A.B. asks: 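Sharing a structure here in structure tokens format.
Residue numbers begin at 1 in each chain, while the letters A, B, ... track the order of the sequences. Owing to the predicted nature of the structure, the values given are computational and were not obtained by experimental measurement.
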There are 2 protein chains.
Amino acid sequence: MLKLTKKADYGLMALKYLAEHPETPALSAKDLADAYGIPAQLLAKILQRLTKTGLLRSHAGMNGGYALARDARQISAYEVILAIDGPFFITSCTRGAKSCELTPSCTIKEPLARVNDTIAGVLKSISIHDLADREHSDAAPGRERQGLVTLTV
Amino acid sequence: MLKLTKKADYGLMALKYLAEHPETPALSAKDLADAYGIPAQLLAKILQRLTKTGLLRSHAGMNGGYALARDARQISAYEVILAIDGPFFITSCTRGAKSCELTPSCTIKEPLARVNDTIAGVLKSISIHDLADREHSDAAPGRERQGLVTLTV
DNA sequence: CTAAATAGGACCGTTCAAGTCGCATATTCG
DNA sequence: CGAATATGCGACTTGAACGGTCCTATTTAG
Ligand code: SF4
Ligand code: SF4
């Protein structure tokens with residue numbers, strides 16, 4: 001429950017790697033997969049998905065591969081998850097989805113929807129750049145980035 | 001992904017219902033199940049779990065049932081989820097869990113662990129009382145409860 | 001004693017994540 | 001041109017977890 005898909009996980013890793021190597025024009029799915037030991041074919045499909053949603057730009061053929069479509073600072077973890085796993089819903093009901101027989105009688109869906117939004121907000125406030133840059137945010141005090149999230153239950 | 005278990009969902013509903021009816025000494029699993037249309041047997045096991053972790057107090061026999069072990073204000077959504085679904089981890093690796101071959105080479109597990117803690121913090125800041133009382137927090141301005149969550153990536 | 005309740009184990013069907021395979025298409029290079 | 005790389009994409013398999021049911025034992029009020 002409340003667990004991130006490994007696909008999304010892999011996607012974040014790949015994007016982070018790309019963000020860390022801005023000089024290279026493009027990296028192939030295999031390169032990225034080898035860098036971490038991710039199944040190449042699987043990563044390929046993930047990257048294709050990210051390409052289709054506009055987070056990456058691809059180039060086929062020799063010396064082809066993928067590159068970030070935007071600055072790493074402007075790609076949020078939320079977008080990545082959304083692209084890979086589809087709409088972000090914490091419950092089985094929340095607006096847009098089907099499937100929960102007791103949606104009418106349920107009295108906690110509104111509060112949970114708010115929790116959903118809060119978590120989405122957290123994810124939106126995290127960019128690929130945040131993951132890539134500075135390994136130890138704790139080790140370098142005075143420069144921590146602080147995102148304030150307001151929770152209204 | 002990132003989806004709440006229906007069991008946790010049901011658990012929250014049940015606790016909320018109990019919080020809304022503090023006068024009654026105890027409500028049976030069947031009562032609670034009927035109130036929302038939840039499969040009774042399933043709810044029963046959930047309530048048993050909540051009892052074993054100390055969130056509820058149970059009483060067998062006729063006129064038996066369940067009651068909150070503490071004030072609704074002192075039971076967080078986090079505890080409920082923890083009790084029902086086990087340890088809260090957003091990734092497949094994060095400390096305590098097994099299963100992720102590439103934990104050593106992975107470079108995003110620390111940042112994700114921090115995200116994990118942030119979300120856990122959000123959940124911890126929500127009590128059963130918050131779910132139960134006041135249906136429309138938006139409809140009653142000036143009294144919104146605001147929980148500040150600091151996000152440090 | 002009996003009916004209503006909790007307690008808990010065994011079991012099962014469906015769904016979904018994770019990964020694999022195969023093939024088509026694009027592009028570069030010799 | 002044609003071979004070598006690459007992306008693009010759909011079908012498929014496997015395994016685990018979720019949601020749910022059933023059955024039995026035990027407690028307890030009336
Ligand atoms: S309607 Fe209620 S029970 Fe059904 S998924 Fe939404 S929150 Fe959970
Ligand atoms: S180690 Fe990295 S890839 Fe494996 S689960 Fe943790 S974060 Fe995801």
A.B. asks: Starting from the 5' end of DNA chain C, give me the residue, B/L47 or A/A60, whose nearest nucleotide shows up first.
C.D. replies: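 Here B/L47 is the residue nearer the 5' end.
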
A.B. asks: Expressed in angstrom and rounded to an integer, what is the separation of B/I81 atom CD1 from D/dC18 atom C1'?
C.D. replies: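 Roughly 16 Å, once rounded to whole Å.
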
A.B. asks: Nearest whole Å is fine: how far is C/dT6 P from B/L50 CG?
C.D. replies: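 Atom-to-atom, B/L50 to C/dT6, this comes out as 13 Å.
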
A.B. asks: B/R57 has an atom CZ; how far is it from atom P of C/dT6, in whole Å?
C.D. replies: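 Going from B/R57 (CZ) to C/dT6 (P), I get 15 Å.
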
A.B. asks: Take B/D9 and A/I108, measure what side chain to side chain contact (heavy atoms under 4.5 Å, CB included) needs, and give me the verdict at the end.
C.D. replies: CA-CA 8 Å; B/D9 210 338; A/I108 63 168; 3.1 Å; yes

A.B. asks: Under 4.0 Å between a side-chain N or O of A/Y10 and OP1 or OP2 of C/dA18?
C.D. replies: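 Negative; the distance criterion is not met.
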
A.B. asks: So, is B/N63 near the phosphate of D/dG30, with a side-chain N or O under 4.0 Å from OP1 or OP2?
C.D. replies: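 B/N63 to D/dG30 OP1/OP2: side-chain N or O found under 4.0 Å.
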
A.B. asks: Will you find, in the side chains of B/T107 and A/K16, an N or O donor that is under 3.5 Å from an N or O acceptor?
C.D. replies: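 There is such a pair (donor and acceptor under 3.5 Å, judged by atom type) between the side chains of B/T107 and A/K16.
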
A.B. asks: Closest approach of A/E79 and A/Q74, non-hydrogen atoms and distance?
C.D. replies: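 That would be OE1-O, 3.5 Å.
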
A.B. asks: Rounded to the nearest angstrom, tell me the gap between atom NZ in A/K3 and atom C1' in D/dA16.
C.D. replies: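 Answer to the nearest Å: 11 Å.
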
A.B. asks: Please determine whether a side-chain nitrogen or oxygen atom of B/Y66 lies at a distance below 4.0 Å from atom OP1 or OP2 of C/dA7.
C.D. replies: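 Yes, B/Y66 has a side-chain N/O under 4.0 Å of OP1/OP2 on C/dA7.
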
A.B. asks: Would you mind reporting whether B/N116 and B/F88 have side-chain heavy atoms less than 4.5 Å apart?
C.D. replies: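 A side-chain contact exists here, since the closest heavy-atom pair is under 4.5 Å.
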
A.B. asks: When you measure from the side chain of A/T5 to the backbone of A/A8, do you find a donor-acceptor pair of N or O atoms at a distance under 3.5 Å?
C.D. replies: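 Not confirmed, A/T5 side chain does not pair with A/A8 backbone.
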
A.B. asks: Carefully, step by step, assess B/T103 and B/K109 under the rule side chain to side chain contact (heavy atoms under 4.5 Å, CB included).
C.D. replies: CA-CA 8 Å; B/T103 307; B/K109 59 177 182 294; 3.6 Å; yes

A.B. asks: Would you mind telling me which of C/dG8, D/dT28, D/dG20 lies closest to the side-chain atoms of B/H59?
C.D. replies: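 For the B/H59 side chain, the nearest candidate turns out to be D/dT28.
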
A.B. asks: Which residues in residues 26-46 of chain A have at least one heavy atom lying under 4.0 Å from any atom of DNA chain D?
C.D. replies: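 By residue number: A/S28, A/A29, A/K45.
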
A.B. asks: Run the side-chain donor-acceptor check on residues 53-68 of chain B: report pairs under 3.5 Å with partners two or more places apart or on a different chain.
C.D. replies:
unit_1: B/T53; atom_1: OG1; unit_2: B/R49; atom_2: O; d: 3.2
unit_1: B/T53; atom_1: OG1; unit_2: B/L50; atom_2: O; d: 3.1
unit_1: B/R57; atom_1: NH2; unit_2: B/L68; atom_2: O; d: 3.3

A.B. asks: Given that B/S58 and B/M62 both sit by DNA chain C, which one's nearest nucleotide is further toward the 5' end?
C.D. replies: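 Result of the comparison: B/M62.
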
A.B. asks: Can you tell me how far C1' of D/dC18 sits from CG of B/D85, to the nearest Å?
C.D. replies: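 So the CG-C1' distance, B/D85 to D/dC18, works out to 10 Å.
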
A.B. asks: Check the distance between D/dC18's P and B/I84's CD1 and give it to me in whole angstrom.
C.D. replies: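 Rounded to whole Å, this separation is 12 Å.
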
A.B. asks: For B/D9 and D/dC18, give me the distance from atom CG to atom P, rounded to whole Å.
C.D. replies: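 Going from CG in B/D9 over to P in D/dC18 covers 14 Å.
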
A.B. asks: How long is the line joining CZ of A/R49 and P of D/dG8, in whole Å?
C.D. replies: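 Going from CZ in A/R49 over to P in D/dG8 covers 13 Å.
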
